[in-house]
Amino acid sequence: MIAEVMLDLKTTQILSAYDYLIPDTLKGFLVVGMRVVVPFGSTTRVGLITGIKPTSLDATKSIIEPFDLEPLITKEQLHLIDYLEKQAMIPKHIAYDKVVPNVLKIDYTKKVHVLQRHLLKSPLLELLTKDHSVFQKTWMKHYHAFKTAESKKIISIETFIEQKKSIQMMISYEATDFKPKTPKQQALWHFLSTERTIDDILSEGYTKAMLKILIEQGSVSTKSIEKISTHRSWIAQDHKVLTTEQNQAIEDIATAFKTYQRFLLKGVSASGKTEVFLQLCRKLQQTNQQALIVTLDEALVEQMADYISPYLSVSKIHSGLTEQQKLDAYRAVQLGASDVLITTPFGMFTPFQSLGLIVADEAQDSIYLDYAKTVHGLDVLVERAKYHKVPLVYASATPPVQLLYDAQMGKLNWIELTEKVYQTEDDVIVVDMKKELENGNLSMLSKTLHEAISQTLRNRQQVLILANRQGYAPYVMCRSCGHVPTCEKCDTPLVYHKEKHKLKCHHCGYTIPPVYVCDACGSEKIKPVGIAIEQVESHIKMAFPRAKVSRLDADNTTKKGVYIDTIKAFKDKEIDILIGTQMISKGHDFDIPLVGILLIDSMLKAPTYLANERTYQLIRQTMGRAGRKQAGLSIIQTYQPNHFVIKTIQDESAFYEQELNRRMLAKNPPYTQLLTLVFRGKTSEQTEKAIQRLKQTVLARYSQFEIIGPSEYQQHTYKLMIKTQKRQDLSTLIEWIKKTYENPSLSISFYRYNDEV
DNA sequence: AGCACGCCGACT
DNA sequence: GTCGGCGTGCTC
């Protein structure tokens with residue numbers, strides 16, 4: 001018998017499966033989903049069995065030994081790997097890497113033992129101060145020296161293969177047939193007629209000493225079981241009265257239990273979507289079914305878990321947890337010990353004992369796409385919902401245009417929660433920044449916003465400022481000749497970072513100190529232009545010196561905890577003005593009267609058909625942060641007050657109608673299927689020729705495609721867009737291109753969901 | 001010639 | 001990810 005084994009190596013040059021002979025002793029024991037230790041080249045690796053078949057032409061080596069006693073991954077996960085391979089063009093072993101959590105992957109540690117210290121030469125002499133040490137990553141540059149020393153028997157290198165984190169075990173106790181004599185012992189013996197843990201026993205008031213006696217005389221047996229932990233808080237909660245709309249939404253979705261159906265739960269902030277999820281989860285729990293709730297980040301997972309854990313046992317997965325905690329959550333969900341898994345998109349592949357519902361919260365967010373631009377997380381969830389035959393609920397205050405279209409086509413059930421739990425009135429003011437300029441106000445804050453902030457601070461209340469940075473590049477420019485310093489490799493303008501006082505390339509990370517004299521003309525009039533969030537911050541700090549001002553953006557939140565701490569400090573009213581990028585617009589339950597929205601103009605001009613939708617969503621989301629518990633005011637500053645996105649900012653149906661119309665005229669999704677191809681070649685000329693040839697061949701061969709481009713957007717990197725009606729046509733085309741244009745000097749990437757790469 | 005280093009392709 | 005093959009370029 002032959003096993004198809006997929007190795008845990010992430011390089012694309014590795015095939016997705018290698019065939020190995022199954023030794024007679026392992027026949028019947030090995031099944032698909034188990035990992036095995038196999039020889040690979042000169043090394044030993046761990047691989048996953050993806051198939052078993054009678055014969056193979058390629059197999060030459062045998063499996064060394066099994067690594068697991070039972071399959072590591074479920075049939076569903078294998079199915080998802082297959083789905084990612086087929087639908088998203090991801091090689092199998094890379095799909096595996098996404099589906100299986102890091103903690104269950106293998107660490108290959110090497111230990112170096114010094115055999116003959118007197119023969120050690122530099123640099124090994126300095127590195128190997130101890131006779132036994134773990135091989136460090138930084139030693140890789142001396143790898144050759146290590147290998148030479150090993151062959152001369154001066155040192156020996158030993159490789160250890162182990163799983164990063166192991167499943168935690170604990171002991172369980174159960175009564176045997178042998179009845180003890182004393183009444184006290186009998187009481188414990190009866191208590192243990194069902195399996196109990198040590199915590200159960202101690203909390204009932206029994207002692208360890210008594211348990212020990214019973215074990216010794218054979219009245220109680222012990223065995224090792226997996227330790228599982230879930231979150232459940234027992235704090236009594238206020239009884240909540242649901243609105244008619246909430247009850248209706250719960251009923252609609254609950255009726256669809258056990259079938260695959262898609263819903264969109266549209267609700268503004270504070271409309272009580274979380275309560276709907278909770279009630280649905282409670283219904284499922286009564287029949288021992290579980291729910292998967294996916295949301296955006298650590299803070300939102302925690303917020304949701306706080307809401308649900310008083311009623312149900314919850315498992316959480318997000319980046320703020322330790323590896324062990326993530327593994328505990330993963331296992332608790334897999335074994336059915338928790339009712340709900342609340343996770344960031346990273347945890348969406350977690351296997352369930354009995355899945356009954358999937359919720360994709362904040363479904364408009366691009367994070368569902370971010371982790372790999374070829375797969376859409378929401379599509380993965382569709383696949384899981386179909387597999388389990390369960391409803392999939394998208395939740396969003398600002399649903400994507402695509403989903404509205406799906407609803408119009410009857411492919412999606414649209415449910416709207418209009419009632420705000422807190423009855424308040426919201427207001428929006430659009431400030432024309434061109435007029436501000438004409439009136440002599442050159443600062444980034446309009447008079448209107450400045451006054452509103454002053455007023456709010458005087459009332460001892462808080463302000464949230466959205467300073468979009470998407471599309472903004474605060475680059476450096478010479479005011480004399482117009483010269484802009486660019487990256488040596490990418491030829492793109494270097495972005496100016498005020499805090500770090502550096503010029504940085506956002507494509508490759510190339511960094512140089514700031515320039516004071518122009519390279520081109522020698523002028524000293526070279527200065528940063530454009531506006532960045534840091535400038536907004538320093539401006540506001542100057543304008544309101546007594547206010548406590550904090551800033552949140554991707555630059556200063558890389559350190560763990562900064563993001564969550566800042567959000568908490570704002571909620572606790574320790575910060576007066578919070579300035580942030582998109583990350584402050586999402587789902588947080590703030591209680592503030594004023595929101596300022598700045599710097600959205602470049603976002604409207606972003607070179608993608610999604611620009612209008614994204615800007616609209618960002619503004620609406622941010623507006624939603626104000627007026628949750630009191631009347632709210634949003635002030636939008638723009639140079640394009642007549643842009644339809646701004647004009648319709650308070651009239652959603654008008655926005656959707658106009659945007660859908662534009663998409664239809666421009667033949668953009670959802671009216672067409674879009675595929676973006678990115679080509680990277682060695683030279684521009686050859687690459688461009690190859691693309692032109694490809695374009696002509698496709699046009700001649702297939703009539704249903706419209707092709708736009710190619711355009712060079714980075715050095716030696718070209719973009720080509722292909723539009724068509726049927727999704728299946730694109731898959732066929734991709735297969736064909738891959739087969740026909742396999743060429744090491746030209747790399748082609750495919751992007752299905754984004755025209756902006 | 002002798003070897004150090006780096007790039008490339010194979011690994012079942 | 002690791003190794004061997006093979007070319008280049010430097011040193012004895």
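A, B, ... follow the sequence lines: proteins, then strands. Residue 1 opens every chain.
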Q) Across the strands shown, which category fits A/Ile2 at heavy-atom distances under 4.0 angstrom: base, sugar-phosphate, nothing? A) nothing
**Q.** Those residues that, when tested against A/Glu158, pass side-chain hydrogen bond (donor to acceptor under 3.5 Å, both in side chains) (two or more places apart)
**A.** A/His113
Q: Please report the C-alpha distance between A/Tyr83 and A/Asp379 in whole Å, then the side-chain angles of each, then the deciding distance to 0.1 Å, and finally whether the side-chain hydrogen bond (donor to acceptor under 3.5 Å, both in side chains) criterion is met.
A: CA-CA 10 Å; A/Tyr83 166 80; A/Asp379 286 353; 4.6 Å; no
Q. Taking C-beta and beyond as the side chain, do A/Lys98 and A/Ile90 meet within less than 4.5 Å on heavy atoms?
A. yes
Q | Spacing of A/Met1 atom CE relative to B/dT12 atom P, expressed in whole Å | A | 21 Å
Q: Let me know the distance between NE2 of A/His93 and C1' of C/dG1, rounded to the nearest Å.
A: 11 Å
Q. Which part of the nucleic acid does A/Lys10 contact within heavy-atom distance under 4.0 Å: base, sugar-phosphate only, or nothing?
A. nothing
Q: Find the distance A/Leu15:CG to C/dG1:C1' and express it as a whole number of Å.
A: 15 Å
Can you check nucleotides 3-6 of chain B for protein contacts, nitrogen or oxygen pairs under 3.5 Å, and list what you find?
none

Q. A/Met6 CE to B/dC11 P: how many Å, rounded?
A. 20 Å
(Q) A side-chain contact here means heavy atoms from C-beta on lying under 4.5 Å apart; do A/Lys61 and A/Leu21 qualify? (A) no
Q) Listed in order of residue number, which residues of residues 31-52 of chain A have a non-hydrogen atom at under 4.0 Å from DNA chain C? A) A/Phe40, A/Ser42, A/Thr43, A/Arg45
Q) Any side-chain N or O of A/Lys147 under 4.0 Å from OP1/OP2 of C/dT2? A) no
Q) Using the benzene-type ring in the case of Trp, are the ring centres of A/Phe40 and A/Tyr18 under 6.0 Å apart? A) yes
Q. Roughly how many Å is it from CD1 in A/Ile14 to P in C/dT2, rounded to a whole number?
A. 11 Å
Q) Can you check the A/Asp19 CG to B/dT12 P distance for me, whole Å? A) 11 Å
Q.
With a 6.0 Å cut-off (strictly less than), is the heavy-atom count around NZ of A/Lys27, excluding the residue itself, greater than 12?
A. yes
Q: Would you kindly give the CZ-to-P distance between A/Phe135 and C/dG1, to the nearest whole Å?
A: 13 Å
Q.
I'd like to know if A/Arg35 pairs up with A/Asp8 as an ion pair, taking the criterion as any Lys NZ or Arg NE/NH1/NH2 lying under 4.0 Å from an Asp or Glu carboxylate oxygen.
A. no
(Q) What contact category does A/Leu21 fall into here, base, sugar-phosphate, or nothing, at under 4.0 angstrom with non-hydrogen atoms? (A) nothing
Q) More than 12 heavy atoms of other residues, nucleotides or ligands under 6.0 Å from CD of A/Gln136: is that the case? A) yes
Q: Please state whether the rings of A/His79 and A/Tyr387 are parallel, tilted or perpendicular, taking 30° and 60° as the class boundaries.
A: tilted
Q: Let me know the distance between CD1 of A/Ile157 and C1' of C/dG1, rounded to the nearest Å.
A: 14 Å
